[in-house]
Structure formats: C-alpha cells, structure tokens
Amino acid sequence: MSWRPQYRCSKFRNVYGKVASRENCYDCIPITKNVHDNHFCAVNPKFLAIVTESAGGGSFLVIPLHQTGRIEPNYSKVCGHQGTVLDIKWNPFIENIIASCSEDTSVRIWEIPDGGLKRNMTEAVLELYGHSRRVGLIEWHPTAINILFSAGYDYKILIWNLDVGEAVKMIDCHTDVILCMSFNTDGSLLATTCKDKKLRVLEPRSGRVLQEATCKNHKVLRVVFLGDMKRLLTTGVSKWNTRQIALWDQEDLSMPVTEEEIDGLSGMLFPFYDVDTHMLYLAGKGDGNIRYYEITAEKPYLVFLMEFRSPAPQKGLGVMPKHGLDVSACEIFRFYKLITLKNQIEPISMIVPRRSENYQEDIYPMTSGTEPALSPEEWLRGVNKGPVLMSLKEGYRKENNAVFKAPVKEKRSLVVNGIDLLENVPPRTENELLRMFFRQQEEIRRLKEQLSQRDLLCRQLELELRNLRNNPKDKDS
C-alpha cells in the first residue's frame, strides 16, 4: 500500500486580512496612553467608541461608523467620569446604550443619540456605585437584557440589574485582581482569570466555584469560552517567560488538554473566538500581526491557518458583531485596530476568498441576533436560554424594538457601620479637582476675551465720534 500525505481540508485555510483604505480609516484620534491591559475600543453597527487621552478626568469618543476620515480636535466627547476610563462595552441588544467603568469607582450607562453627539455629554442616564476601588472590567450578559457584570480592584464582581439600577448579586471568591471575564453561549457559566494565578469556572448567580485550576507552569492572563465545545482557551506566560496558549476541558481543570508556545515577546495575547466558524484569532498588545487558528473537537485541537502581518503595533482591538459584517464580500470577522503612533483607527476585514457573488450559507450559519432571550427577572430566577438566532441573509433581519428606560430611584438608606453609603458619595479625586480647575481657567479666559473684544469695540466707536465732531463737513455729507 503506497504512502499518501494527509492534508486537512478546511474552507478557512485561505482566509486573509484586508486593511481598509486610508479614506475609510479614522484619523487624528488622541488614543489613551493608559497601560491598563484592555482594548479601549468598542464597536457596533452604528458607532465606534474609543477611550481618549484627557486631562482632569476620563473621556471617550463616540463616532458614527460611517464618519470616517479626519476627526476634529474639538469633536464632542463623553466626559462625565472623574477618573480615567478603563473599559467600555456596547449593549448587545440596544445599540445606542454603552457602559463604561473608571478609576473613580463608578460604572455609568450612557445613551447616545442616533446621529452621534452634538456637544459634550457629561450626564449619564445611570450611575452605579458599589465598588470600593477602581473598576477595571465590565461585561454584558450574552442572553439576558440589562444584566451587567463589573469587576473591581476590590477583588469583587458585582451583578447589576439596570431595570432597577442596583447591584443584585456579588461574587466574592477571588483573592486578587480579576484580569478577565468570559461567558459561555447561554450565560450560565462565567470563567475568570485572576492575579492569584488561578483559572475559575463559576455559576454566576450564586458565585459558586464549579472548577478551579492553580496554574503553575502556565500563568493565565486571558480566557475565552469556545462556544458549545465545552472547552476553554487561555493565553498567558510559561515558566520560561514565553507567551503560551492552553486548551482546557471546562468540566475538568486539573490539567490542560493541550498547550502551545507562541513566541518570546512580552505583550499580552488577546484571544478572539468566532463561534460560527470555530476560528480563534490571537493578537498581541504591541504586535503588528494577528494569528488565526481553527479549533477542532479532536486532535490536534488547534490548527494554525495563517498570519496577518502589519508593521504598525496595536494598542488594542475592537471587534464588530457578526450582524454588522459585509456578507457580500465574504467578510467573516472585522477588527478595529488602535494605532497610537499614528493616532489612527484602522479597520481590518478577515475575508474568505470566493468567486461566487451569491450568499455563502456554509460560512454564515444562523448566528446570535439582537433580540434578548431573557428578561432580568427571568435570569435571576434561574432560567437559562441560548441566544435568539438570526440569519445574515439579505432581507431577513428582525428588528429589535428594545428601549432602555433608566429607573427612577426612591430615597433610600443603606447604613453600614453607621455610615449611609447612598448619602456619602465617594470624595472628589485629584483628577476631578484638576478638571474643575481647568474648567474654571477656561471660563476665565473666555470671559477675558469677551471683555477685550468689547473694549476694542468701544474704543472704535469713540474714535468715530471724535472724527465726526472734529469734521462737521463729513457729518453733513
């Protein structure tokens, strides 16, 4: 029997990355210089949001997606936080609602008008206080509307019901700063990585730890659920200080299913998983390349496909939801790359090369839509449901009429150790005081300019009157 080489057939082996043209990029954006390990970017089919560098507080830009090109320096911002903004996330079911968290210990909910901002937005529709230290991560529940998770540097995860504007649950099982949170498909499980070098799988309502792994040879930094495959993928650092990825069985974290070393660079690896195509994308902070793999249920589990290369290093990456992609161009994934060296946001489309211009059903199965499967009350009662699916085929896109209504809070008291936590708002931070000082200085400067213009106008009028008095002939004429 003759030997034949075994080739693995995959429809994604020729996927390539296509960078948008210069006129379709977003230029002159003062991207934040914060070193917090986050993406600082969030995108949906309507808007692109980017955390920006600002003095005396935290702010982020919200740009309509079609408004490409140069962004003016005085473009309107969302600037209500008193501390640096650390994370932003769009509501998956209401495209005008965005959540942000900050060093000022607050989580805030903002409603963006359809046409974008016309002036600076300083008032949030909802302000959530519950953490005692800065809040570094936020995540929306994937199937229940208006359920938001926030992780702070007080080692706690708070679950917020935005219908009532309060924290309804608290997860208090971590012993150090939480680095990453990830949900499975129906939101019944939550995976976290922590600075204590442990990987945990939790039941989010009760906070009960279902599985826990103490990683000695693989220091976990980021985690992502791999859809319905009952697997987890983590990125981190090996004991030889090389970047590494590991695959885990979510029901048995005693040891990883497989591990693979990537390279010896120092930037954190961010994993992005596409549930529909079973493709994994790895992008390193400070790298210019994006590696992509195909995940299989059997060995070798991780199949390397190709690598997109670019000379410009990335600060972070935003990802477009599936229903915002261009299916006519066979686009299966789209990144929004933050390039601090150029102050630019660069869209990168991952495309499957196809000759036919027809709708490609094999690469666009039914996917998670914009309609919630559960209300907050149903989820809190213990109901689990998978996402409501939708087709990306033209002509079938169910409209979601969900509208966010901020709750009207009654006067309440929450006394702990003789202190009313609802009356005692956190004290003004140094950033807030600086921001107030700069505002006052700007107002004084503006008033001085107005006064000087008025003085100049008065002097001109006086000169004209003198000329008229001295020259009566000119007056008669």
Side-chain angles (χ1 to χ4, degrees), residues 12 15-21 23-26 29 31 38-51 60-69 71 87-99 112 114 116 138-140 142 182-183 185 224 227 270-283 290 292 308 310 314-339 344-352 359-360 363-371 387-394 397-400:
F12 303 112
V15 170
Y16 66 94
K18 182 180 179 182
V19 179
S21 58
E23 57 267 19
N24 291 320
C25 295
Y26 305 83
I29 295 176
I31 301 168
N38 243 331
H39 296 298
F40 301 111
C41 180
V43 63
N44 67 14
K46 276 188 177 181
F47 299 106
L48 172 67
I50 313 104
V51 179
F60 59 95
L61 281 173
V62 177
I63 307 168
L65 204 66
H66 60 81
Q67 190 177 330
T68 55
I71 304 300
D87 198 10
I88 49 175
K89 293 280 168 62
W90 289 104
N91 189 319
F93 308 114
I94 309 174
E95 292 182 337
N96 291 62
I97 298 296
I98 188 170
I112 309 300
D114 278 335
I138 47 176
E139 285 289 343
W140 294 94
S182 177
F183 286 100
T185 306
V224 63
F270 293 109
F272 303 91
Y273 182 66
D274 184 355
V275 178
D276 300 330
T277 60
H278 303 294
M279 285 181 65
L280 171 74
Y281 300 86
L282 294 179
I290 300 173
Y292 37 104
F308 167 80
S310 168
Q314 57 227 6
K315 170 84 173 179
L317 292 163
V319 175
M320 173 64 75
K322 214 59 184 268
H323 57 276
L325 300 179
D326 182 6
V327 295
S328 62
C330 295
E331 183 184 32
I332 58 171
F333 218 75
R334 189 192 303 164
F335 294 102
Y336 286 79
K337 178 177 174 179
L338 276 65
I339 306 173
Q344 185 184 70
I345 311 295
E346 183 181 73
I348 302 170
S349 299
M350 311 307 294
I351 294 174
V352 180
Y359 179 71
Q360 308 293 320
I363 61 174
Y364 294 117
M366 296 288 283
T367 188
S368 300
T370 58
E371 186 179 349
V388 178
L389 302 180
M390 65 180 288
S391 171
L392 298 180
K393 194 170 185 178
E394 187 179 1
R397 184 166 295 181
K398 193 169 182 179
E399 293 294 331
N400 177 25

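Values below: every heavy atom of this structure, side chains too, minus hydrogens, waters and symmetry copies.
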Side-chain contact, heavy-atom cut-off 4.5 Å: [X] with [Y]?
X	Y	value
Ile363	Cys330	yes
Lys322	Asp274	yes
Phe333	Thr277	no
Leu325	Leu392	no

Heavy-atom pair with the smallest gap, counting every atom of Phe47 and Asn96: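 For Phe47 versus Asn96, the nearest heavy atoms are CE1-ND2, 4.1 Å.
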Could you check whether any side-chain N or O of [X] sits under 3.5 Å from a backbone N or O of [Y], counting only pairs where one atom can act as donor and the other as acceptor?
X	Y	result
Asn91	Phe93	yes
Glu331	Asp326	yes
Lys337	Gln314	no

Classify the angle between the aromatic ring planes of Tyr292 and Tyr281 as parallel (below 30°), tilted (30 to 60°) or perpendicular (above 60°).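 Tyr292 vs Tyr281 ring planes: tilted.
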Just say parallel, tilted or perpendicular for the rings of Phe335 and Phe272, cut-offs at 30° and 60°.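 It falls in the perpendicular class, over 60°.
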Which residues pass the side chain to side chain contact (heavy atoms under 4.5 Å, CB included) test with Val388, sequence neighbours left out?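 Scan of Val388 (side chain to side chain contact (heavy atoms under 4.5 Å, CB included), adjacent residues dropped) gives Glu371, Ala373.
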For Pro387, give me all partners under side chain to side chain contact (heavy atoms under 4.5 Å, CB included), at least two apart in sequence or on another chain.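 For Pro387, the residues satisfying side chain to side chain contact (heavy atoms under 4.5 Å, CB included) (neighbours in sequence not counted) are Thr143, Thr185, Ser368, Leu389.
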Distance (rounded to the nearest 0.5 Å) between Leu338 CG and Leu317 CG: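 One gets 7.5 Å once the value is rounded to the nearest 0.5 Å.
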Distance-only donor-acceptor pairs under 3.5 Å for side chains of residues 62-69, two or more places apart:
unit_1 : atom_1 : unit_2 : atom_2 : d
Gln67  : OE1    : Tyr75  : OH     : 3.4
Thr68  : OG1    : Glu23  : O      : 3.0

